[in-house]
Amino acid sequence: QVQLVESGGGLVQTGGSLRLSCAASGRTFSNYAMGWFRAVPGKEREFVAVISWNGRFTYYVNSVKGRFTISRDYAKNTVYLQMNSLKPEDTAVYYCNADSSPYRDGRDLRTDYRYREIWGQGTLVTVSS
């Protein structure tokens, strides 16, 4: 059974930093592109960042470029999201998920995450102004 466990969220002031973690289990996630997504009440879940299966390629939504960095640790089967220079508009519940097919660069995951049925509980990030 696929399981995704996000952690690391919290309350931080504008300009602060947080590091989110996503521990994946249930299949060989090291062969899959992984991504971070976020949701706020009343809005659709949106793509934030994606990393390719081999870690060579990363993609970010424009609003976080230069502030967020996605990375992965294959030994720990964990994906991270380092968030710096946080803004109130970054406030959301953050989720991670995996690509549907292995050995891809993750570009498709930026949009087809909407079809994923399995999600973790997410981790809440609140940025105060």
Decide whether Leu86 and Val64 are clustered together by the hydrophobic rule: side chain heavy atoms of Ile, Leu, Val, Met, Phe, Trp, Tyr closer than 4.5 Å, transitively. yes

Atom CD of residue position Glu89 - does it have more than 12 heavy atoms of other residues, nucleotides or ligands inside 6.0 Å? yes

I need the minimum non-hydrogen distance between Asn54 and Tyr74, along with the two atoms involved. C-OH, 3.0 Å

Closest contact, heavy atoms only, Asp112 versus Ser100: OD2-OG, 4.4 Å

Honestly curious: do Phe68 and Tyr113 fall in one hydrophobic cluster under the side-chain, below-4.5 Å linking rule? yes

Examine distances only and state if a side-chain atom of Glu6 and a backbone atom of Cys96 form a donor-acceptor pair shorter than 3.5 Å. yes

Compare every heavy atom of Ser85 with every heavy atom of Ser17, then report the nearest pair and how far apart it is. OG-N, 4.3 Å

Are any side-chain N or O atoms of Asn77 and backbone N or O atoms of Ala24, one a donor and one an acceptor, separated by less than 3.5 Å? yes

Between the CG atom in Asn97 and the CZ atom in Phe29, the distance rounded to the nearest 0.5 Å is 7.5 Å

Hey, are the side chains of Val12 and Met83 touching, using non-hydrogen atoms and a 4.5 Å cut-off? no

Measure the CD1-CG distance between Ile51 and Asp99 for me, rounded to the nearest 0.5 Å. 13.0 Å

Tyr32 with Trp119, same ILVMFWY side-chain cluster at under 4.5 Å: no

Output for pair (Tyr95 OH, Leu4 CG), nearest 0.5 Å, gives 12.0 Å

Could you measure the distance from the CD atom of Gln82 to the CD1 atom of Ile70? Nearest 0.5 Å is fine. 12.5 Å

Stepwise, does the side-chain contact (heavy atoms from CB on, under 4.5 Å) test hold for Thr69 with Tyr60? CA-CA 9 Å; Thr69 302; Tyr60 299 92; 3.9 Å; yes

Pairwise side-chain contact, Tyr80 with Asp73, heavy-atom cut-off 4.5 Å (strictly under): yes

Would a distance-only check, ignoring hydrogens and angles, find a side-chain to backbone donor-acceptor pair under 3.5 Å from Arg72 to Ser52? yes

I'd like to know if the side chain of Thr91 reaches the main chain of Val127, judged simply by a donor and an acceptor atom lying under 3.5 Å from each other, with no hydrogens or angles considered. yes

Would Ile118 end up clustered with Met34 when hydrophobic side chains under 4.5 Å apart are linked, directly or stepwise? yes

Working note: Val125 + Arg38, criterion side-chain contact (heavy atoms from CB on, under 4.5 Å); need CA distance, chi angles, decisive distance, verdict. CA-CA 10 Å; Val125 172; Arg38 63 188 180 188; over 6 Å; no

Value for CG (Leu81) from SG (Cys22), rounded to nearest 0.5 Å, stands at 10.5 Å

Calculate, to the nearest 0.5 Å, the distance between atoms OG and NZ belonging to Ser21 and Lys76 respectively. 8.5 Å

Partner of Leu109 under side-chain contact (heavy atoms from CB on, under 4.5 Å), chosen from Tyr59, Phe37, Phe47: Phe37

Whether the side chain of Arg116 engages the backbone of Ala98 through a donor-acceptor N/O pair (distance < 3.5 Å, no angle test) should be reported. yes

Considering non-hydrogen atoms only, spot the tightest contact between Ala33 and Asp105 and give its length. CB-C, 4.4 Å

Do Phe57 and Val48 sit in one hydrophobic cluster, given that two such residues count as connected whenever their side-chain heavy atoms are within less than 4.5 Å of each other, even indirectly? yes

